[in-house]
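Accompanying notes for the structure given below.
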Amino acid sequence: MYVAVKGGERAIENAHAWLAEERRGDTSVAELSLAQIREQLSLAVNRVMAEGSLYDPDLAALAIKQARGDLIEAIFLIRAYRTTLPRFGASRAVDTGAMACDRRISATFKDAPGGQVLGPTFDYTHRLLDFKLAAEGEVPPAPQAAPRGEPTPHITEFLGQEGLIQPEPESEAAPRDLTREPLEFPADRALRLQSLARGDEGFVLGMAYSTQRGYARNHAFVGELRIGRVAVEMDIPELGFAIEIGEVELTECETVNQFKGSKTEPPQFTRGYGLVFGQSERKAISMALVDRALRWQELGEDFLGAAAQDEEFVLSHCDNIQATGFLEHIKLPHYVDFQSELELVRKLRREAEERIAHREAAE
Amino acid sequence: MDGSSLYAGGFRNAPVDAAHAFRAAMTAMARPGDIRPITGAEPPAPLSVAAGTLLLTLCDPETRVHLAGAADRPEVRQWLSFHTGAPLCGADEADFALGTWADLMPLSRYRIGTPEYPDRSATLIVECDALANTGAVLSGPGIRDTARLSLPDLGVLQGNAMLYPLGCDFFFTCGDRVAALPRSTTIGAEG
Amino acid sequence: MTEQAYNFAYLDEQTKRMIRRAILKALAVPGYQVPFASREMPMPYGWGTGGVQVSAATLTPEDRLKVIDQGADDTTNAVSIRKFFERTAGVATTEATQEATVIQTRHRIPEAELTEDQILVYQVPIPEPLRFLEPRETETRKMHSLQEYGLMHVKLYEDISQHGAISTAYAYPVRVAGRYVMDPSPIPKFDNPKMEMAAIQLFGAGREQRIYAVPPHTRVVSLDFEDYPFEATRADHVCDLCGAADSYLDEVIMDDAGGRMFVCSDTDYCHTRREAVA
């Protein structure tokens with residue numbers, strides 16, 4: 001005899017217990033510490049901070065550990081935690097021109113003040129598995145250069161001096177906050193950038209790649225890519241001035257895109273922009289390309305029907321927490337809707353069969 | 001009112017007081033004509049307990065509030081600012097407006113929403129000398145057959161209902177009681 | 001972080017105020033979808049975050065909460081959400097429909113008639129009834145503002161010409177108070193007629209950031225045609241457990257030979273009927 005399924009609560013508890021055991025793995029192997037994750041899986045930590053929209057390497061490391069290395073799950077944990085935090089205020093806009101750069105490259109000029117600095121990049125590594133790492137080999141210290149004293153100017157400033165690149169208007173207006181207001185279209189550029197900055201790296205990469213392959217191609221050069229630390233300052237009304245509250249590591253990418261001109265304006269280069277927490281170079285470049293593609297309207301270009309130009313498409317689908325939640329919800333019970341479809345299909349089939357039988361009888 | 005009392009008169013237990021007050025406000029809005037008790041705040045004069053409680057329940061730095069006429073006093077402003085952080089504004093920008101009917105009018109000053117966003121309209125909190133289930137005959141969403149409510153000005157409110165789905169929404173407050181009239185309600189003269 | 005570190009009903013007060021304001025506007029314009037700044041909840045989008053936020057903004061400590069998924073109190077996601085509120089709001093919970101003051105549901109309306117003192121909160125995946133006809137929010141918003149619902153009728157009529165019947169079996173669109181076309185959430189169309197009820201109905205779509213509402217006793221009409229009137233259909237069986245002939249039924253596969261039985265999807269309804277007989 002069928003009895004209605006009971007014991008959902010116990011099933012959930014048991015599943016959680018099993019999950020915890022699986023997360024820990026073989027107990028004869030030493031447990032990972034958060035410091036190990038933070039220091040040795042730092043790019044995973046960076047991605048979780050970037051897409052989780054919370055700059056805290058220790059919390060990101062904890063989330064990665066708890067999520068068994070599933071980065072989207074870790075991002076989810078960070079987002080759910082972030083949303084409960086009180087807000088004490090907003091920082092001043094960070095000055096990336098004053099960044100202490102670990103890496104700074106330009107694809108548009110062979111050399112420029114500040115130089116080309118490769119920094120800690122995978123770029124020219126040969127992708128050969130390094131079996132020494134399996135044996136926990138210690139690494140010799142890297143050579144040191146004297147830190148650069150003066151700030152490293154942005155490459156696009158040099159183009160700007162000649163009026164060769166479109167200036168971006170400065171604004172003191174507070175940007176809308178994606179996490180405190182419902183997303184609404186049309187979205188301005190600040191909101192688009194905000195959305196892309198926390199958007200899924202894979203999704204933004206795919207969109208950017210599609211522009212390179214011809215879906216709204218915008219001929220981007222990496223004008224500059226820089227990675228380093230910048231100071232975060234906050235105005236304290238009681239003090240009447242701003243104080244430095246900490247430092248964050250950022251990756252910034254400015255692309256220089258094909259010139260445009262019109263009857264009233266001489267030809268000029270335009271730009272795309274990417275700014276991401278941590279060392280997140282793939283994401284920053286992708287973001288700049290997609291930003292540029294989304295600017296078609298303000299730059300007087302045609303809408304070519306490409307997905308990367310369609311802000312409603314890009315912004316509605318780039319968030320991996322929204323996407324994964326909705327995708328995975330289809331594994332929840334849908335007995336009721338399925339039952340109503342089942343009844344309907346049976347009824348339609350019955351009626352179709354009756355019609356056929358009726359026709360045959362008439363023939 | 002002494003200088004310290006602007007800090008007084010707030011919710012004693014904000015999460016719970018606000019939850020109770022919202023349930024009263026929501027039920028009133030869902031059932032036009034229903035008169036409900038609503039308490040929790042002790043606002044400075046001339047605000048009623050009901051009006052003060054609504055302000056504390058619904059307003060914060062994200063809402064703009066218009067204080068009309070006699071309600072626009074320094075004590076009220078300070079109390080509202082201290083407890084909610086809501087910025088004050090003119091009638092044309094208000095998310096919430098508070099005052100007597102005469103002080104709040106004309107109604108044409110308030111936002112009625114846009115065809116694509118009819119929710120972006122003002123909610124008026126109207127302080128009344130009396131609140132009773134007499135007078136105008138109400139029908140429409142939230143009402144089984146008909147309801148009755150003492151309304152300040154039939155013609156103006158009928159005009160507001162004509163704008164549906166645009167228009168303002170109203171809370172009527174008196175002492176520690178509240179009733180509501182959304183724009184969706186059809187208003188008939190007393191029969 | 002301990003549970004005490006979270007506010008009553010999890011959400012902070014400012015978030016609750018924002019949701020409460022949206023609920024009031026939703027009640028004032030029945031069937032219209034009010035945008036709200038949905039928060040990131042500690043459960044996945046698509047799993048009831050909208051319903052949970054609406055419930056959290058609505059609950060008082062004295063409430064008695066019932067949570068159902070597919071009509072049942074013991075489905076895992078219902079258990080999970082009920083537990084969330086037991087922990088964060090400390091509210092009493094119940095499985096008895098009549099005893100509940102707030103009922104959060106996914107995909108069903110309880111069989112027992114709801115009363116004036118109850119609130120029904122629906123979890124909504126896609127709040128926009130026109131979404132399957134037009135994917136752009138900017139366009140559907142315009143269509144609602146102009147009451148341009150012709151496309152929906154065309155779609156339903158195309159079904160009729162192709163299948164001889166309207167092939168929408170759940171999330172069957174309704175028109176509310178003669179104005180807005182609304183998605184009733186993926187309830188079976190069997191439940192549509194129940195939407196004209198005495199209780200307050202609130203709908204929360206977290207991922208899509210929309211709240212909408214149907215006040216008590218509001219006219220809710222399922223879209224149809226004069227020659228093809230709306231039909232609230234159910235399996236042509238009685239419940240094999242309680243014998244009910246008026247309830248919505250789940251079909252359960254019993255054996256390898258494909259043997260079937262039909263049971264009430266509303267577990268409390270079925271249980272109450274069996275108790276009454278015993």
Hey, what do you get for NZ (C:Lys16) to OG1 (B:Thr57), rounding to the nearest 0.5 Å?
11.5 Å
Heavy-atom distance under 4.5 Å between the side chains of C:Pro61 and B:His20, does that happen here?
yes
Please classify the contact of C:Ile119 with chain B as side chain, backbone, both or neither, using a heavy-atom distance under 4.5 Å.
side chain
Which value, rounded to the nearest 0.5 Å, describes the distance between B:Ile143 atom CD1 and C:Thr218 atom OG1?
9.0 Å
For atom CZ of C:Arg219, is the number of surrounding heavy atoms from other residues, nucleotides or ligands below 6.0 Å larger than 12?
no
Identify which part of B:Phe171 has an atom lying under 4.5 Å from any heavy atom of chain C, answering side chain, backbone, both or neither.
side chain
Counting heavy atoms not belonging to C:Glu139, are there more than 12 under 6.0 Å from its CD?
yes
Nearest-0.5 Å distance, CD of residue C:Gln14 to OG1 of residue B:Thr84:
10.5 Å
One thing to verify: whether B:Arg23 and C:Asp63 come together as a salt bridge, which I'm taking to mean a side-chain N less than 4.0 angstrom from a carboxylate O.
yes
When you measure from the side chain of C:Arg179 to the backbone of B:Ser184, do you find a donor-acceptor pair of N or O atoms at a distance under 3.5 Å?
no
Could you have a look at B:Gly113, B:Ala180, B:Ala28, B:Pro118 and say which one has the most heavy-atom pairs with chain C under 4.5 angstrom?
B:Pro118
Above 12 or not: heavy atoms from other molecules or residues under 6.0 Å from CG of B:Asp129?
no
Quick check on B:Thr114 against chain C: is it the side chain, the backbone, both or neither that has a heavy atom closer than 4.5 Å?
neither
Most heavy-atom pairs under 4.5 angstrom with chain B, which of C:Val214, C:Leu146, C:Leu24, C:Ile200?
C:Leu24
Provide the closest heavy-atom pair for B:Arg31 versus C:Pro216 in the form atom of the first, atom of the second, distance.
NH1-CG, 3.2 Å
Shorter than 4.5 Å, heavy atoms on both sides: which option in C:Pro30, C:Ala177, C:Ala26 has the most such pairs with chain B?
C:Pro30
Quick one: does C:Lys25's side chain have a donor or acceptor within less than 3.5 Å of a partner on B:Ser121's backbone?
yes
Part of B:Leu58 lying under 4.5 Å from any heavy atom of chain C:
both
Please look at C:Ala57 and chain B and tell me whether the side chain, the backbone, both or neither of the residue comes under 4.5 angstrom of a heavy atom of that chain.
backbone
Who among B:Ala30, B:Ala14, B:Pro32 has the most heavy-atom pairs with chain C under 4.5 Å?
B:Ala30
Given heavy-atom pairs under 4.5 angstrom as the criterion, report whether the side chain, backbone, both or neither of C:Val220 touches chain B.
neither
Could B:Glu62 and C:Arg17 be called an ion pair, given the rule that one side-chain N must be under 4.0 Å from one carboxylate O?
no
Check C:Arg21 against B:Phe96 and note the closest heavy-atom contact, atom names and distance.
CD-CE1, 3.7 Å
For B:Arg144, which atoms come within 4.5 Å of any heavy atom of chain C: side chain, backbone, both, or neither?
both
Heavy-atom pairs under 4.5 Å with chain C are the metric here; pick the option from B:Pro115, B:Ala25, B:Pro141 that has the most.
B:Pro141
Go through C:Leu11, C:Ile23, C:Leu202, C:Val176 and name the one with the most non-hydrogen pairs under 4.5 angstrom from chain B.
C:Ile23
Could you measure the distance from the CG atom of B:Asp17 to the CD atom of C:Glu13? Nearest 0.5 Å is fine.
9.5 Å
Using heavy-atom distances under 4.5 Å, tell me whether C:Leu59 contacts chain B through its side chain, its backbone, both, or neither.
backbone
Proximity breakdown for B:Tyr117 and chain C, heavy-atom pairs closer than 4.5 Å
both
Are the side chains of B:Pro165 and C:Tyr180 in contact, using a 4.5 Å heavy-atom criterion?
yes
Examine whether an atom of C:Gln33 lies under 4.5 Å from a heavy atom of chain B, and if so say whether it belongs to the side chain, the backbone or both; otherwise answer neither.
neither
